[in-house]
Amino acid sequence: MPGREVEMHPVLKAFVCGSISGTCSTLLFQPLDLLKTRLQTMQPPVGGSGRVGMVMLLFRVVRTESLLGLWKGVSPSFARCIPGIGIYFSTLYTMKQNILVDRSPTALESVFLGATARAISGICMLPVTVVKTRYESGRFGYRSVYGALMNIYQTEGARGMFSGLTATLLRDAPFSGIYLMFYTQTKKLTPQGILASLATQPADVIKTHMQLSSEKYCRMSQAIAFIYKNFGLVGFFRGGVPRALRRTLMAAMAWTVYEQMMEKMGLKS
(Lines give C-alpha, C1' and ligand atoms only; values in the text may rest on other atoms or scores of the structure.)
Protein backbone atom coordinates (compact mmCIF):
# COMPACT_ATOMS: atom_id res chain seq x y z
CA MET A 1 0.00 0.00 0.00
CA PRO A 2 1.30 3.49 -0.90
CA GLY A 3 2.57 5.40 2.14
CA ARG A 4 2.57 2.32 4.36
CA GLU A 5 5.76 1.85 6.34
CA VAL A 6 7.54 -1.48 6.05
CA GLU A 7 8.25 -2.90 9.51
CA MET A 8 11.77 -4.24 9.94
CA HIS A 9 11.99 -7.82 11.21
CA PRO A 10 13.13 -7.99 14.87
CA VAL A 11 16.13 -10.18 13.99
CA LEU A 12 17.23 -7.63 11.40
CA LYS A 13 16.80 -4.88 13.98
CA ALA A 14 19.08 -6.82 16.34
CA PHE A 15 21.62 -7.20 13.51
CA VAL A 16 21.57 -3.46 12.75
CA CYS A 17 21.87 -2.51 16.43
CA GLY A 18 24.76 -4.92 16.88
CA SER A 19 26.53 -3.67 13.76
CA ILE A 20 26.29 -0.03 14.86
CA SER A 21 27.55 -0.85 18.35
CA GLY A 22 30.39 -2.83 16.77
CA THR A 23 31.36 0.12 14.56
CA CYS A 24 31.67 2.49 17.53
CA SER A 25 33.64 0.12 19.75
CA THR A 26 35.94 -1.10 16.96
CA LEU A 27 36.97 2.41 15.94
CA LEU A 28 37.62 3.48 19.51
CA PHE A 29 39.64 0.46 20.67
CA GLN A 30 41.54 -0.56 17.50
CA PRO A 31 44.91 0.73 18.87
CA LEU A 32 44.71 -1.75 21.74
CA ASP A 33 44.14 -4.60 19.28
CA LEU A 34 47.14 -3.54 17.21
CA LEU A 35 49.39 -3.34 20.29
CA LYS A 36 48.18 -6.78 21.38
CA THR A 37 49.07 -8.34 18.03
CA ARG A 38 52.48 -6.65 17.89
CA LEU A 39 53.36 -7.77 21.42
CA GLN A 40 52.37 -11.35 20.65
CA THR A 41 54.49 -11.55 17.49
CA MET A 42 57.65 -9.68 18.50
CA GLN A 43 60.79 -11.78 18.17
CA PRO A 44 62.44 -12.82 21.44
CA PRO A 45 65.29 -10.43 22.36
CA VAL A 46 68.87 -11.66 22.11
CA GLY A 47 70.24 -12.63 25.51
CA GLY A 48 66.80 -12.35 27.10
CA SER A 49 67.01 -8.58 27.68
CA GLY A 50 65.33 -5.54 26.20
CA ARG A 51 61.74 -6.47 27.04
CA VAL A 52 59.26 -4.15 25.34
CA GLY A 53 56.08 -3.21 27.20
CA MET A 54 52.77 -1.86 25.93
CA VAL A 55 53.53 1.81 26.54
CA MET A 56 56.99 1.60 24.97
CA LEU A 57 55.55 -0.18 21.94
CA LEU A 58 52.83 2.46 21.62
CA PHE A 59 55.42 5.25 21.41
CA ARG A 60 57.48 3.20 18.97
CA VAL A 61 54.50 2.77 16.63
CA VAL A 62 53.64 6.47 16.81
CA ARG A 63 57.28 7.45 16.19
CA THR A 64 57.86 5.11 13.25
CA GLU A 65 54.38 4.89 11.69
CA SER A 66 52.67 8.12 12.87
CA LEU A 67 49.66 8.40 15.18
CA LEU A 68 47.39 6.92 12.51
CA GLY A 69 49.64 3.85 12.54
CA LEU A 70 47.80 2.79 15.69
CA TRP A 71 44.71 2.33 13.52
CA LYS A 72 46.45 0.07 11.01
CA GLY A 73 44.12 -2.82 10.36
CA VAL A 74 40.98 -0.82 11.10
CA SER A 75 39.49 -1.55 7.66
CA PRO A 76 39.58 -5.36 8.11
CA SER A 77 38.47 -4.80 11.72
CA PHE A 78 35.39 -3.00 10.38
CA ALA A 79 34.89 -5.71 7.76
CA ARG A 80 34.94 -8.30 10.52
CA CYS A 81 33.24 -6.56 13.46
CA ILE A 82 30.39 -4.71 11.73
CA PRO A 83 28.79 -7.88 10.29
CA GLY A 84 30.36 -10.13 12.94
CA ILE A 85 28.87 -8.36 15.95
CA GLY A 86 25.62 -8.02 14.01
CA ILE A 87 25.58 -11.81 13.49
CA TYR A 88 26.40 -12.35 17.17
CA PHE A 89 23.59 -10.17 18.51
CA SER A 90 20.98 -11.32 15.96
CA THR A 91 21.85 -14.99 16.66
CA LEU A 92 21.70 -14.32 20.39
CA TYR A 93 18.34 -12.54 20.02
CA THR A 94 16.91 -15.41 17.95
CA MET A 95 18.04 -18.07 20.42
CA LYS A 96 16.66 -16.09 23.37
CA GLN A 97 13.27 -15.76 21.69
CA ASN A 98 13.10 -19.48 20.96
CA ILE A 99 14.70 -20.91 24.10
CA LEU A 100 13.88 -18.52 26.94
CA VAL A 101 10.39 -17.34 25.96
CA ASP A 102 10.24 -14.08 27.95
CA ARG A 103 12.28 -15.16 30.95
CA SER A 104 15.81 -14.40 32.09
CA PRO A 105 18.48 -17.02 31.35
CA THR A 106 20.11 -19.07 34.07
CA ALA A 107 23.89 -18.86 34.46
CA LEU A 108 24.40 -22.10 32.48
CA GLU A 109 22.00 -20.97 29.75
CA SER A 110 23.91 -17.68 29.47
CA VAL A 111 27.17 -19.55 28.94
CA PHE A 112 25.55 -21.69 26.24
CA LEU A 113 23.89 -18.75 24.49
CA GLY A 114 26.99 -16.55 24.50
CA ALA A 115 29.36 -19.32 23.41
CA THR A 116 27.08 -20.55 20.61
CA ALA A 117 26.37 -17.09 19.19
CA ARG A 118 30.08 -16.21 19.25
CA ALA A 119 31.09 -19.51 17.65
CA ILE A 120 28.69 -18.95 14.75
CA SER A 121 29.89 -15.38 14.28
CA GLY A 122 33.56 -16.42 14.58
CA ILE A 123 33.29 -19.14 11.94
CA CYS A 124 31.48 -16.83 9.50
CA MET A 125 34.04 -14.05 9.84
CA LEU A 126 37.27 -16.07 10.27
CA PRO A 127 38.76 -15.29 6.81
CA VAL A 128 38.50 -11.57 7.56
CA THR A 129 39.94 -12.18 11.04
CA VAL A 130 43.02 -13.73 9.38
CA VAL A 131 43.39 -10.62 7.21
CA LYS A 132 42.96 -8.34 10.23
CA THR A 133 45.67 -10.16 12.18
CA ARG A 134 48.08 -9.89 9.25
CA TYR A 135 47.36 -6.19 8.74
CA GLU A 136 48.04 -5.45 12.40
CA SER A 137 51.29 -7.42 12.45
CA GLY A 138 52.88 -5.01 9.95
CA ARG A 139 54.48 -7.94 8.08
CA PHE A 140 52.23 -7.97 5.03
CA GLY A 141 51.71 -5.39 2.29
CA TYR A 142 48.05 -5.97 1.50
CA ARG A 143 46.34 -2.98 -0.12
CA SER A 144 42.74 -3.97 0.48
CA VAL A 145 40.70 -6.53 2.39
CA TYR A 146 39.40 -8.04 -0.84
CA GLY A 147 42.89 -8.22 -2.34
CA ALA A 148 44.21 -9.85 0.81
CA LEU A 149 41.45 -12.47 0.78
CA MET A 150 42.15 -13.28 -2.86
CA ASN A 151 45.89 -13.49 -2.23
CA ILE A 152 45.47 -15.83 0.73
CA TYR A 153 43.03 -18.04 -1.16
CA GLN A 154 45.27 -18.25 -4.24
CA THR A 155 48.50 -18.92 -2.34
CA GLU A 156 47.31 -20.85 0.72
CA GLY A 157 43.88 -22.13 -0.23
CA ALA A 158 40.95 -22.60 2.14
CA ARG A 159 43.32 -23.78 4.89
CA GLY A 160 44.98 -20.37 4.94
CA MET A 161 41.68 -18.53 5.07
CA PHE A 162 40.51 -20.61 8.03
CA SER A 163 43.85 -20.93 9.80
CA GLY A 164 43.62 -20.83 13.57
CA LEU A 165 39.95 -21.90 13.57
CA THR A 166 40.23 -24.20 16.58
CA ALA A 167 42.27 -21.70 18.58
CA THR A 168 39.82 -18.92 17.67
CA LEU A 169 36.85 -20.95 18.90
CA LEU A 170 38.73 -21.92 22.08
CA ARG A 171 39.34 -18.21 22.63
CA ASP A 172 36.03 -16.63 21.65
CA ALA A 173 33.38 -19.14 22.70
CA PRO A 174 34.48 -19.44 26.37
CA PHE A 175 35.06 -15.69 26.64
CA SER A 176 31.62 -14.80 25.31
CA GLY A 177 29.93 -17.50 27.39
CA ILE A 178 31.61 -16.40 30.63
CA TYR A 179 31.10 -12.72 29.81
CA LEU A 180 27.39 -13.10 29.06
CA MET A 181 26.90 -15.16 32.22
CA PHE A 182 28.36 -12.43 34.43
CA TYR A 183 26.58 -9.73 32.44
CA THR A 184 23.12 -11.28 32.80
CA GLN A 185 23.67 -12.23 36.43
CA THR A 186 25.29 -9.07 37.81
CA LYS A 187 25.59 -6.40 35.09
CA LYS A 188 29.09 -5.74 36.47
CA LEU A 189 31.41 -6.28 33.55
CA THR A 190 34.91 -5.03 34.18
CA PRO A 191 36.50 -7.46 36.69
CA GLN A 192 34.85 -10.51 35.13
CA GLY A 193 35.72 -9.38 31.60
CA ILE A 194 39.38 -9.04 32.52
CA LEU A 195 39.39 -12.51 34.09
CA ALA A 196 37.68 -14.00 31.03
CA SER A 197 40.26 -12.32 28.76
CA LEU A 198 43.23 -13.64 30.75
CA ALA A 199 41.75 -17.14 30.90
CA THR A 200 41.49 -17.28 27.10
CA GLN A 201 44.74 -15.40 26.38
CA PRO A 202 46.83 -18.51 25.49
CA ALA A 203 44.33 -19.43 22.76
CA ASP A 204 44.57 -15.88 21.39
CA VAL A 205 48.38 -16.04 21.18
CA ILE A 206 48.22 -19.43 19.44
CA LYS A 207 45.58 -18.11 17.03
CA THR A 208 47.73 -15.11 16.11
CA HIS A 209 50.79 -17.22 15.30
CA MET A 210 48.77 -19.69 13.24
CA GLN A 211 47.08 -16.97 11.21
CA LEU A 212 50.36 -15.20 10.45
CA SER A 213 52.11 -18.39 9.29
CA SER A 214 49.45 -20.88 8.19
CA GLU A 215 51.99 -22.72 6.02
CA LYS A 216 54.30 -23.16 9.02
CA TYR A 217 51.71 -24.34 11.55
CA CYS A 218 49.46 -27.04 10.14
CA ARG A 219 48.40 -28.06 13.63
CA MET A 220 47.81 -26.19 16.85
CA SER A 221 50.41 -28.32 18.62
CA GLN A 222 53.14 -26.94 16.33
CA ALA A 223 52.31 -23.36 17.28
CA ILE A 224 52.19 -24.31 20.96
CA ALA A 225 55.63 -25.93 20.72
CA PHE A 226 57.10 -22.86 18.97
CA ILE A 227 55.71 -20.41 21.53
CA TYR A 228 56.90 -22.48 24.47
CA LYS A 229 60.38 -23.04 23.00
CA ASN A 230 60.98 -19.37 22.20
CA PHE A 231 59.09 -17.57 24.96
CA GLY A 232 58.37 -20.10 27.71
CA LEU A 233 55.07 -20.24 29.58
CA VAL A 234 54.94 -16.45 29.81
CA GLY A 235 54.78 -16.37 26.00
CA PHE A 236 51.21 -17.65 26.12
CA PHE A 237 50.18 -14.45 27.92
CA ARG A 238 51.98 -11.91 25.69
CA GLY A 239 49.70 -9.01 24.82
CA GLY A 240 47.41 -9.89 27.70
CA VAL A 241 47.10 -6.35 29.08
CA PRO A 242 45.94 -4.56 25.88
CA ARG A 243 43.68 -7.48 24.99
CA ALA A 244 42.03 -7.55 28.43
CA LEU A 245 41.47 -3.79 28.26
CA ARG A 246 40.14 -3.91 24.70
CA ARG A 247 37.85 -6.93 25.11
CA THR A 248 36.38 -5.69 28.38
CA LEU A 249 35.85 -2.07 27.32
CA MET A 250 34.72 -3.00 23.80
CA ALA A 251 32.18 -5.52 25.06
CA ALA A 252 30.87 -3.10 27.67
CA MET A 253 30.45 -0.36 25.09
CA ALA A 254 28.92 -2.69 22.49
CA TRP A 255 26.36 -4.05 24.97
CA THR A 256 25.47 -0.54 26.20
CA VAL A 257 24.91 0.85 22.69
CA TYR A 258 23.09 -2.33 21.60
CA GLU A 259 20.67 -2.33 24.52
CA GLN A 260 19.90 1.38 24.20
CA MET A 261 19.20 1.05 20.46
CA MET A 262 17.05 -2.05 20.97
CA GLU A 263 15.05 -0.20 23.62
CA LYS A 264 14.46 2.71 21.24
CA MET A 265 13.20 0.20 18.65
CA GLY A 266 10.80 -1.24 21.20
CA LEU A 267 12.55 -4.61 21.53
CA LYS A 268 13.80 -6.45 24.59
CA SER A 269 17.48 -7.34 24.23
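Since the model is a prediction, treat every value here as computed from it, not as a measurement. FYI, side chains are in, hydrogens and waters are out, and symmetry mates aren't considered; it's all heavy atoms of this structure.
For the atom pair K207 NZ and L165 CG, the distance stands at 12.0 Å (nearest 0.5 Å). The CE atom of M161 lies 10.5 Å from the CG atom of N151; values are rounded to the nearest 0.5 Å. Considering CE of M125 and CD1 of I85, their distance stands at 10.5 Å, rounded to 0.5 Å.
No donor-acceptor pair under 3.5 Å is formed between the side chain of Q30 and the backbone N or O of L27. For the pair Q201 (side chain) and L198 (backbone), a donor-acceptor distance under 3.5 Å is absent. Although no hydrogens or angles enter the test, the distance criterion places no donor-acceptor pair under 3.5 Å between the side chain of S214 and the main chain of Q211. With hydrogens and angles disregarded, a donor-acceptor distance shorter than 3.5 Å links the side chain of Y179 to the backbone of A252.
Between E136 and R246 there is no salt bridge, since no side-chain nitrogen of the basic residue lies less than 4.0 Å from a carboxylate oxygen of the acidic one. The residues D33 and R243 are annotated as not salt-bridged, no charged nitrogen and carboxylate oxygen being separated by less than 4.0 angstrom. Taking the charged nitrogens against the carboxylate oxygens, K96 and E109 have no contact shorter than 4.0 Å, which rules out a salt bridge.
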### Task
Please lay out, stage by stage, how Q97 and Y93 fare under the test side-chain contact (heavy atoms from CB on, under 4.5 Å).
CA-CA 6 Å; Q97 296 303 306; Y93 177 83; 3.6 Å; yes
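Classification of the Y88-W255 ring pair by plane angle, with boundaries at 30° and 60°, yields perpendicular. Between H209 and F231, the ring-plane angle classifies as tilted under the 30° and 60° cut-offs.
Taking the ring axis of F175 as reference, the NZ or CZ atom of R247 stays within 45° of it and closer than 6.0 Å to the ring centre.
Under a cut-off of 6.0 angstrom, the local environment of CZ in R143 is sparse, with at most 12 non-hydrogen atoms contributed by other residues, nucleotides or ligands.
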